[in-house]
K.L.:
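This is the structure I want to talk about, given as structure tokens.
In each ligand, atom 1 is the first atom listed, and ligand 1 is the first ligand listed. Predicted model, so just to flag it, every value in this text is computed and none were measured. Side-chain atoms are counted along with the backbone in the values below, which use heavy atoms only and exclude waters and symmetry mates.
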Amino acid sequence: MSATGSPSGGQTTATYDSAFLKACRREPVPHTPVWFMRQAGRSLPEYRKVREGVPMLESCTRPELVTEITLQPVRRHNVDAAIYYSDIVVPLKAIGLDLDIKPGVGPVVAEPIRTRAGLARLRDLTPEDVSYVTEAIGMLTAELGSTPLIGFAGAPFTLASYLVEGGPSRTYENAKAMMYGDPELWADLLDRLADITAAFLKVQIEAGASAVQLFDSWAGALAPLDYRRSVMAASAKVFDAVAGYGVPRIHFGVGTGELLGLMGEAGADVVGVDWRVPLDEAARRVGPGKALQGNIDPTLLFTDPATVETHADEVLASAAALDGHIFNLGHGVMPNTDPDALTRLVDYVHTKTLR
Ligand code: CP3
């Protein structure tokens, strides 16, 4: 991130001075900023209502609906950032791949990519392929005012895991078999995905996103050596491609305790940490010069307020010595979460950290 000291990328003067972007830049904040991965979505009754009868991927192509769904958690919870309502497979659908999101399952790809001929089906993404994103972000930033909008994309490894498996997997056996057995095809696949991902993030920043998050949700399946050898270059290519915009780049994965140093090295300004590693230990692994985001266990929201507060205190205590902390869950909001528990948690962290 360039230290320009002034708004860049999709930022305005109002969003530049927000607690969220200050924390990303590791500047002093009026209070610890809070947002939640998957804050827009099924935990909210107002989301379920507007989504009635509209398939998931179709909902992502309707700017009015995207705007409404993105704003819902901001109105309700008083979070410090909005995350653009979309999905990691949207850019893949936009370049013509036959895929869908099955309710209760996740992304399903009609013809998995396992050969060089399959790879040839991945063409470049142009802004015209996702004109609805540009339109929605224009509407959103007008409504959001001083609340920053986070754009996002899936990282090459996590996208490849769906493309090669054909759907969600617990073992990633086909994807890893390609990674180990045909490293050239694997490298070319990840490189293609890096270009598509970078193009998708650029569209979001140019339309008005103030920060971006790269979700490498499933990278925790990899040993550090394999991550470094077979995955890191592609994610680094994405971060490099958007570095010039000067907006914070957040890098997140689940079960990535052993990879935190490498994920920072890949080029992130902020490293997301799941609930398995306390933030003070995560800071040692990531090293200086980067903010951290996290990391309360999302299942805690199924307990009573006092228990949530005790754990929130532990997260804040482990972040006390950091110079940049964005409070979040260690992974996304689970669909059955009581939204009031989220509202209470935002309020608790804000009040507790008021400076
Ligand atoms: O965070 C937000 O509020 C923005 C919205 C968002 C969605 N997907 C909307 C969505 C974000 C950031 C994502 C990212 C995403 N999608 C990831 C990375 C984040 C993570 O959780 O690790 C991954 C792995 C996916 C793939 C995906 N899409 C899965 C596993 C699922 C769930 C399938 C299910 O039904 O259980 C989806 C569908 C999806 N994406 C939903 C939403 C709101 C639910 C579908 C619906 O509401 O009908």
K.L.:
Out of the candidates Arg25, Arg249, Arg26, only one should pair with Asp269 under the salt bridge (charged side-chain N to carboxylate O under 4.0 Å, His left out) rule; please name it.
P.N.:
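The option that passes is Arg249.
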K.L.:
For atom 26 (C) of ligand 1, which candidate among Gly106, Pro107, Gly253, Gly332 provides the closest heavy atom?
P.N.:
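Heavy atom nearest to atom 26 (C) of ligand 1 belongs to Pro107.
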K.L.:
Nearest non-hydrogen contact with atom 48 (O) of ligand 1 belongs to which option: Arg42, Arg51, Gln39?
P.N.:
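Answer by nearest heavy atom: Arg51.
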K.L.:
Contact between ligand 1 and His331 is defined here as a heavy atom of the residue under 4.0 Å from a ligand atom; is it met?
P.N.:
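Yes, His331 has heavy atoms under 4.0 Å from ligand 1.
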K.L.:
Using distance alone, with no hydrogens and no angle criterion, decide if Glu68 and Tyr47 have a side-chain donor and acceptor under 3.5 Å apart.
P.N.:
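Side-chain D/A pair, Glu68 to Tyr47: absent.
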K.L.:
Nearest protein heavy-atom contact for atom 25 (C) of ligand 1: which residue, which atom, what distance?
P.N.:
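Of the protein heavy atoms, Arg38 NH2, 3.4 Å lies nearest.
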K.L.:
Using 4.0 Å as the upper bound for N to carboxylate O, is an ion pair formed by Arg285 and Glu281?
P.N.:
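Result for this pair is yes, salt bridge flagged.
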K.L.:
Taking heavy atoms and a distance under 4.0 Å, where does Ala40 meet ligand 1: side chain, backbone, both or neither?
P.N.:
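The part of Ala40 near ligand 1 is both the backbone and the side chain.
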K.L.:
So which protein heavy atom does atom 38 (C) of ligand 1 come closest to, and at what separation?
P.N.:
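Sorting protein heavy atoms by distance from atom 38 (C) of ligand 1 puts Ile101 CG2, 3.5 Å first.
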K.L.:
Between Tyr84, Trp218, Tyr47, which one has a non-hydrogen atom sitting closest to atom 4 (C) of ligand 1?
P.N.:
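Checking each option, the heavy atom nearest atom 4 (C) of ligand 1 is found in Tyr84.
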K.L.:
Please verify whether a non-hydrogen atom of Ser86 lies at under 4.0 Å from ligand 1.
P.N.:
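Yes, Ser86 has a heavy atom closer than 4.0 Å to ligand 1.
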K.L.:
Counting from 1, what ligand 1 atoms have a heavy atom of Pro103 closer than 4.0 Å?
P.N.:
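So the answer, numbered in order with elements, is 35 (O).
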K.L.:
Could you tell me whether Glu309 and Arg344 make a salt bridge, using a distance below 4.0 angstrom between a side-chain N and a carboxylate O?
P.N.:
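Looking at Glu309 and Arg344, the cut-off is not met.
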K.L.:
Establish, yes or no, whether a centroid distance under 6.0 Å links the rings of His331 and Phe252.
P.N.:
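Yes, ring centres under 6.0 Å apart.
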K.L.:
To which protein heavy atom is atom 40 (N) of ligand 1 closest, and what is the distance rounded to 0.1 Å?
P.N.:
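The answer is Asp87 OD1, 2.8 Å.
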K.L.:
Starting from atom 30 (C) of ligand 1, find the nearest protein heavy-atom neighbour and note its residue, name and distance.
P.N.:
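Nearest protein contact, heavy atoms only, for atom 30 (C) of ligand 1 is Tyr162 OH, 3.8 Å.
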K.L.:
Only one of Asp338, Asn336, Val333 forms a side-chain contact (heavy atoms from CB on, under 4.5 Å) with Ser43, so which one is it?
P.N.:
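Among Asp338, Asn336, Val333, the one that satisfies the side-chain contact (heavy atoms from CB on, under 4.5 Å) with Ser43 is Val333.
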K.L.:
Between Leu214, Ile88, Ile150, Val333, which one has a non-hydrogen atom sitting closest to atom 23 (C) of ligand 1?
P.N.:
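Residue with the shortest heavy-atom distance to the ligand atom: Ile88.
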K.L.:
Given Gly41, Gly154, Ser217, which one has a non-hydrogen atom that is nearest to atom 18 (C) of ligand 1?
P.N.:
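Shortest heavy-atom distance from atom 18 (C) of ligand 1: Ser217.
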K.L.:
Using a strict cut-off of less than 4.0 Å between a Lys/Arg side-chain nitrogen and an Asp/Glu carboxylate oxygen, indicate whether Asp195 and Lys237 qualify as a salt bridge.
P.N.:
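Here Asp195 pairs with Lys237 in a salt bridge, since their nearest N and O are under 4.0 Å apart.
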K.L.:
Does one side chain, of Tyr16 or Ser210, offer a donor that lies under 3.5 Å from an acceptor on the other?
P.N.:
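No.
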K.L.:
Note the single closest protein heavy atom to atom 35 (O) of ligand 1, along with its residue, its atom name and the distance in Å.
P.N.:
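Nearest neighbour among protein heavy atoms for atom 35 (O) of ligand 1, to 0.1 Å: Gly104 N, 2.7 Å.
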K.L.:
Of the backbone atoms (N, CA, C, O) and the side-chain heavy atoms from C-beta on, which set of Met56 has a member under 4.0 Å from an atom of ligand 1: side chain, backbone, both, or neither?
P.N.:
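It is the side chain that gets close, since no backbone atom is under 4.0 Å.
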K.L.:
Give a yes or no on whether a salt bridge exists between Asp124 and Arg192, defined as a side-chain N under 4.0 angstrom from a carboxylate O.
P.N.:
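Between Arg192 and Asp124 there is a salt bridge, with a charged N closer than 4.0 Å to a carboxylate O.
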